Amino acid sequence: MFSGDPPAADAWYETVVGADDPRVDVPVTLRVRQQPDGLVYEASEDAEDLVRSLIGLDDPLEEIYAAMPAHPLITTAVERYPGLRIVADPPVACLLSFICSAQMRVARTYQLQLEIAESFGQPWGWDEVQLMAFPTAERLAEASEAELRELGLGYRAPYVADSARMIATDELHPADVCGLPYEQARTELTRFIGVGEKVADCVLLFALGYHEAVPLDTWMRKVITSYLPDIEDGSYTDLSEGIRQSFGGDIAGYTQTHVFHLLRQTPTQDLPPGVT
DNA sequence: AGCCAGGCAAGTG
DNA sequence: CACTTGCATGGC
């Protein structure tokens, strides 16, 4: 669901997929975990194709690595996280989750998603596994702003409510932008309330398969300042174009996610030397 | 106590 | 278009 911190080694990652998407007939409850001899999953349906797609298992990693520029920061990040892949989250849950993420820590955002599911979601699962699915846009659109604020959403509560309403009323669906050229798709997504260009990039990258999208968050802005000073400070569009070029064009989002996790998990003094 | 967190909307010049 | 301000909440 939301790209949270990595789970403990050996722990199951559990989720329900499709419960928030009217185009999916039967929601699939599944859990996945990494074992020494490979990846293991259990699911409520025959779900191998779905699992492979959800976690990018068929993405051509060698080609992707080859397309990454040989910058020390990038090389270090790739060596640190061999096999890291970009997920393909369900679009609605991804959009609403990243609306919640504004000015909020990753761990807290993740907890908030669990609470939203607990409060408004529907239970799915089988004997050993009982989960609450992330709610549909229809269900969230019925929730009052006050109910959402009770979860600690703060000023984001009306954003979630309004965007859920837009989806529920067919005004706009995040998956609708698929097929548009990247920048056009990004602009289109900002029609949702609470979605600016950064959140739009997250949805494009983590749900809609736009692997060139580079979410320009506070971490990536630091990267530009410290490591890519040739990219002139300017509008989001200008910075985006610059960092996409520096991160490998069509697969720049793959580079971004490796670097993002390296920065978040490494003390500054242990990082490759930058300009500052 | 203050600062910051995977920003955004609305208002102004 | 570029720039500023207010905004909820919680953890360190």
Side-chain angles (χ1 to χ4, degrees), chain A residues 1-6 73 77 81 84 86-87 89 91 93-116 119 143-166 172 174 183 186-208 210-227 231-244 247 252-268 271:
Chain A
M1 204 62 78
F2 183 79
S3 314
D5 290 309
L73 192 65
Y81 307 111
L84 175 65
I86 303 289
V87 298
D89 277 340
C94 184
L95 179 89
L96 298 174
S97 299
F98 272 104
I99 288 174
C100 298
S101 78
Q103 292 295 100
M104 189 123 68
R105 290 173 206 277
V106 173
R108 190 172 163 228
T109 307
Y110 177 62
Q111 287 305 317
L112 197 47
Q113 304 319 305
L114 299 181
E115 288 176 34
I116 290 175
S119 299
S144 68
E145 187 182 320
E147 284 180 288
L148 291 171
R149 276 185 187 271
E150 282 175 22
L151 299 179
L153 270 171
Y155 63 85
R156 307 162 195 82
Y159 299 165
V160 171
D162 282 347
S163 288
R165 177 192 50 75
M166 289 173 70
L172 182 62
E183 285 191 319
R186 193 180 70 200
T187 301
E188 186 72 2
L189 284 178
T190 64
R191 286 175 51 199
F192 284 108
I193 311 299
V195 176
E197 295 181 289
K198 186 271 174 184
V199 167
D201 267 328
C202 289
V203 176
L204 291 174
L205 179 60
F206 299 124
L208 301 181
Y210 285 77
H211 287 174
E212 67 266 57
V214 176
L216 274 181
D217 55 30
T218 52
W219 295 94
M220 287 305 114
R221 290 176 184 273
K222 286 178 193 168
V223 167
I224 292 174
T225 304
S226 301
Y227 294 93
I231 300 177
E232 273 186 55
D233 196 5
S235 67
Y236 190 99
T237 298
D238 293 341
L239 287 171
S240 169
E241 192 175 336
I243 199 167
R244 265 181 289 136
F247 273 12
Y254 245 95
T255 308
Q256 181 272 355
T257 294
H258 283 78
V259 171
F260 175 80
H261 286 288
L262 178 69
L263 262 53
R264 264 174 42 89
Q265 296 173 18
T266 311
T268 306
L271 290 169

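Note that the structure is predicted; figures quoted are calculated from it, not measured. All values below come from the heavy atoms of this structure, side chains included, with hydrogens, waters and symmetry mates left out. Each chain gets a letter, A, B and so on, in the order its sequence line appears, and its residues count up from 1.
Side-chain atoms of Tyr110(A) and base atoms of dG6(B) include no donor and acceptor less than 3.5 Å apart. The base of dC4(B) is paired with the side chain of Arg105(A) by a donor and an acceptor separated by under 3.5 Å.
Contacts of Ile99(A) with the nucleic acid, taken as non-hydrogen atoms under 4.0 Å apart, are absent. Among the atoms of the strands shown, none is found under 4.0 Å from any heavy atom of Tyr236(A). Within the 4.0 angstrom heavy-atom criterion, only backbone atoms of the sugar-phosphate kind lie near Arg149(A); the bases stay farther away. Looking at heavy-atom distances under 4.0 Å, Gln256(A) makes contact with a base.
You'll find that the side chain of Val199(A) is closest to dG7(B), out of dG7(B), dG6(B), dG10(C). Listed nucleotides dG6(B), dG7(B), dA8(C) differ in distance to Ser101(A); the shortest reach to its side chain belongs to dG6(B). If you check dG6(B), dG7(B), dG10(C) against the side chain of Pro215(A), the one that comes closest is dG6(B). Counting only heavy atoms from C-beta on, Arg108(A) has its side chain closest to dT9(C) among dT9(C), dA8(C), dG7(B).
Each of Thr190(A) and Met104(A) was matched to the nucleotide of DNA chain B holding its nearest heavy atom; the match closer to the 5' end belongs to Met104(A). Checking Gly194(A) against Phe260(A), the closest nucleotide of DNA chain B that is more toward the 5' end is the one next to Phe260(A).
The nearest whole Å value for the distance from the CZ atom in Phe192(A) to the P atom in dC8(B) is 14 Å. Remark: P of dG6(B) and CG of Leu95(A) are 19 Å apart, rounded to the nearest angstrom. Atom OH in Tyr155(A) sits about 14 Å away from atom P in dA10(B), given to the nearest Å. Between the CG atom of Leu239(A) and the C1' atom of dC1(C) there is a distance of 15 Å, rounded to whole Å. Regarding Leu153(A), its CG atom lies at a distance of 16 Å from the P atom of dG7(B), rounded to whole Å. Atom CH2 in Trp219(A) sits roughly 16 Å away from atom C1' in dG7(B) (whole-Å rounding). What separates CG of Leu263(A) from P of dA5(B) is a distance of 12 Å, to the nearest Å. Atom NZ of Lys198(A) and atom C1' of dA5(B) are 11 Å apart (whole Å).
Side-chain atoms of Arg186(A) do not come within 3.5 Å of backbone N or O of Leu204(A) as any donor-acceptor pair. Counting only distance, with no hydrogens or angles, the side chain of Gln113(A) and the backbone of Thr109(A) share a donor-acceptor pair below 3.5 Å. In terms of modelled atom types and a separation under 3.5 Å, the side chain of Arg156(A) and the main chain of Ala102(A) share a donor-acceptor contact.
Stacking of the aromatic ring of Phe98(A) onto the base of dG6(B) is not found under the criterion of centres within 5.5 Å and planes under 30°.
Rounded to the nearest Å, the gap between the P atom of dC7(C) and that of dG6(B) is 22 Å. Across dA8(C) and dG11(B), the matching P atoms stand 15 Å from one another, rounded to whole Å. Of the P atoms belonging to dC3(B) and dG6(C), the separation is 16 Å, rounded to the nearest Å.
For Gln103(A), no side-chain nitrogen or oxygen approaches OP1 or OP2 of dA5(B) to under 4.0 Å.
Heavy atoms from other residues, nucleotides or ligands lying under 6.0 Å from CD of Glu147(A) number more than 12.
No hydrogens or angles considered: a donor-acceptor pair under 3.5 Å links the side chains of Tyr81(A) and Gln265(A).
Ion pairing between Glu115(A) and Arg108(A) fails under the 4.0 Å rule for side-chain N and carboxylate O.
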